[in-house]
Amino acid sequence: MIEIKDVFKTYLRKGISNEALRGVSLSVEEGDIFGVIGYSGAGKSTLIRMVNRLESPTSGRVFVGGEPLDQYSEKELREVKKRIGMIFQHFNLLETKTVFDNIALPMILSKKNKIEIQNRVMELLDFVGLRDKAESYPKELSGGQKQRVGIARALANNPSILLCDEATSALDPQTTQSILEILKKINEEYKITIMIITHEMSVIQKICNKVAVMENGRIIEQGNVLDVFGNPQHQTTKSFVETVIHNSIPNSVLKAIQTNGKQHIYRLKFVGSSASEPILTNLIRNYEIEVNTLFATMTEIQDTTLGNMIINMDGNHLVINQAVSYLRNQGVLVEEMENVEYNHYFGSTNSSAL
Ligand SMILES: Nc1ncnc2c1ncn2[C@@H]1O[C@H](COP(=O)(O)OP(=O)(O)OP(=O)(O)O)[C@@H](O)[C@H]1O
Ligand SMILES: [Mg+2]
């Protein structure tokens with residue numbers, strides 16, 4: 001659906017060059033809600049603007065629907081762009097136009113007839129829950145309502161792709177939730193592929209099925225949301241994941257461990273069905289060891305449960321090793337917390353050092 005192949009983008013300003021993208025490749029499939037996350041300046045907006053040709057690559061290529069964007073004439077490109085809607089952090093509505101006219105604008109520019117425009121705008125107003133605001137002006141709306149207008153406008157010409165650049169970053173958590181629900185509905189009911197840029201991992205967690213993490217103009221990690229959340233590899237990805245999956249041992253528990261001099265501390269990660277099965281019960285029943293849960297959390301992603309647990313096992317070394325093998329055979333990811341990590345962790349009072 002969208003294919004970005006080894007794209008570089010260098011901006012030149014007053015003789016100083018700024019490499020915003022340094023070899024980015026990714027592929028968004030039809031029906032995806034593809035999230036791109038990164039800190040400010042990572043190159044996210046530059047990347048998404050490549051998809052609707054608001055920017056063009058310095059090198060590399062962008063394909064939409066299998067066709068390379070760089071081969072279209074201006075006229076053809078205008079047609080392609082109609083199939084790509086976009087919403088923005090600050091909504092970009094025309095303040096002097098009513099809600100109805102803001103939504104109608106792309107259709108007026110596409111020279112659609114009046115009746116078609118009237119019907120489509122009313123349908124979209126219903127879809128975003130703003131039928132009673134048709135004659136209001138943007139300044140009379142809340143941020144969430146403005147973004148609903150932005151969404152309706154982006155959908156006016158029946159696009160097959162919707163691009164969202166920090167569409168919820170100016171909104172409070174509750175309004176963010178309602179906008180994310182609308183985006184999910186757009187994806188499911190209108191079968192629109194969505195690419196979403198954000199710096200909030202909770203946005204990715206709530207609606208995306210795939211994610212790419214950007215840093216300094218590069219993608220440092222990408223994959224299915226469940227895989228990336230379940231087992232992040234890069235430090236930056238880990239930091240983002242930790243904003244939604246809290247996995248540090250509470251200080252009080254840490255102190256107790258230090259006082260008792262406990263060893264054999266393991267981090268367990270469960271994904272999917274294994275998260276709900278009574279693995280720990282079986283562990284205690286089948287192996288002669290004592291198991292203490294130091295920390296546990298469950299997170300739901302993509303209708304799947306992700307379990308994160310830190311346990312301590314006391315008992316014979318050999319039996320503990322067998323127990324670890326058992327856990328691994330059950331599909332649990334097991335990491336022993338020892339050596340550098342262990343010392344670092346227990347040598348410090350900062351429990352978020354994990
Ligand atoms: N039109 C431009 N001219 C010159 N430099 C630019 C331009 N647009 C972006 N940049 C630079 O490219 C880099 C990436 O910017 P970009 O806007 O893509 O980042 P971002 O990840 O979207 O950041 P944010 O989260 O703050 O929106 C930054 O260093 C930025 O200063
Ligand atoms: Mg940006």
Side-chain angles (χ1 to χ4, degrees), residues 2-28 33-62 64 69-70 77 81 84-93 143 146-147 150-151 153-154 161-173 175-176 179-180 183 194-208 210-223 225 228 232 234-244:
I2 303 169
E3 191 111 23
I4 295 175
K5 285 195 174 164
D6 206 22
V7 163
F8 286 75
K9 177 71 182 181
T10 306
Y11 290 108
L12 264 177
R13 187 176 277 170
K14 293 180 183 163
I16 300 168
S17 72
N18 189 345
E19 284 188 293
L21 299 177
R22 310 168 194 230
V24 171
S25 297
L26 62 80
S27 156
V28 180
I33 303 186
F34 193 109
V36 178
I37 188 162
Y39 294 119
S40 188
K44 308 179 296 295
S45 295
T46 307
L47 178 68
I48 207 168
R49 290 159 68 87
M50 297 283 161
V51 178
N52 57 356
R53 214 63 179 176
L54 286 174
E55 298 282 358
S56 51
T58 307
S59 70
R61 301 187 87 182
V62 180
V64 174
L69 293 185
D70 49 51
L77 204 53
K81 282 184 177 184
I84 307 174
M86 186 160 186
I87 56 173
F88 306 86
Q89 179 173 2
H90 297 295
F91 326 121
N92 296 12
L93 303 179
K146 285 184 196 172
Q147 194 56 291
I151 290 171
R153 182 185 55 187
I161 294 171
L162 179 65
L163 306 177
C164 314
D165 191 351
E166 302 279 4
T168 57
S169 299
L171 306 173
D172 63 62
T175 313
T176 293
I179 295 295
L180 294 179
L183 294 179
I194 298 181
M195 192 168 170
I196 195 164
I197 299 290
T198 183
H199 60 269
E200 290 170 302
M201 205 59 167
S202 58
V203 168
I204 309 271
Q205 178 195 359
K206 282 179 189 136
I207 62 166
C208 296
K210 298 206 186 121
V211 62
V213 185
M214 281 193 80
E215 191 167 75
N216 295 327
R218 293 190 182 89
I219 291 179
I220 52 169
E221 194 161 348
Q222 63 175 316
V225 164
V228 173
H234 194 283
Q235 189 48 50
T236 301
T237 315
K238 287 181 186 171
S239 305
F240 276 122
V241 170
E242 279 169 19
T243 62
V244 288

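Hydrogens, waters and symmetry mates are skipped; everything else that's a heavy atom, side chains included, is used. In each ligand, atom 1 is the first atom listed, and ligand 1 is the first ligand listed. Positions are given from 1, in the same order as the sequence printed here.
Ligand 1 lies out of reach of His199, whose nearest heavy atom is not under 4.0 Å from it.
Between atom 13 (C) of ligand 1 and the options Ala20, Gly217, Ser45, the minimum heavy-atom separation is to Ala20. Selection from Asn18, Leu12, Ile16 by nearest heavy atom to atom 28 (C) of ligand 1 gives Asn18.
Within the model, atoms CE of Met201 and OG of Ser239 stand 10.0 Å from one another, a figure rounded to the nearest 0.5 Å. Distance check: Met86 CE to Asp165 CG gives 5.0 Å after rounding to the nearest 0.5 Å.
With respect to atom 25 (O) of ligand 1, the closest heavy atom belonging to the protein is Lys44 NZ, 2.7 Å. The closest protein non-hydrogen atom to atom 19 (O) of ligand 1 is Gly43 N, 3.3 Å. The protein heavy atom nearest to atom 26 (O) of ligand 1 is Ser40 OG, 2.5 Å. Here the heavy atom of the protein found nearest to atom 1 (N) of ligand 1 is Tyr11 CE2, 3.6 Å. Scanning the protein for heavy atoms near atom 15 (O) of ligand 1, the closest one is Thr46 OG1, 3.8 Å. Here the protein heavy atom with the shortest distance to atom 14 (C) of ligand 1 is Gly41 O, 3.5 Å.
A donor-acceptor distance shorter than 3.5 angstrom exists from the side chain of Arg22 to the backbone of Asn216, with no hydrogens or angles considered. A donor-acceptor contact shorter than 3.5 Å is absent between the side chain of His90 and the backbone of Asn92. Within the 3.5 Å criterion, the main-chain N or O of Leu12 finds no donor-acceptor partner in the side chain of Ser17.
Geometrically, ligand 1 and Gly38 share no nitrogen or oxygen pair separated by less than 3.5 Å. By the 3.5 Å distance cut-off applied to N or O atoms, Glu55 is not counted among the residues near ligand 1.
The cationic group of Lys238 does not satisfy the cation-pi geometry with Phe240, failing either the under 6.0 Å distance to the six-membered ring centre or the 45° limit from the ring axis.
Residues Ser169 and Gln89 bring no donor and acceptor atom of their side chains to less than 3.5 Å of each other.
Met214 is listed as a side-chain neighbour of Val36, based on a closest heavy-atom distance under 4.5 Å.
Salt bridge status for Lys9 with Glu55: present, with a side-chain N to carboxylate O gap under 4.0 Å.
Inside a sphere of radius 2.8 Å centred on the Mg ion (ligand 2), the protein N/O/S atoms present are Ser45 OG.
The two atoms that bring Val51 and Leu69 nearest to each other are O-CD1, 3.4 Å, heavy atoms only.
Thr10 is linked by a side chain to side chain donor-acceptor pair (under 3.5 Å) to nothing, counting only residues two or more places apart in sequence or in another chain.
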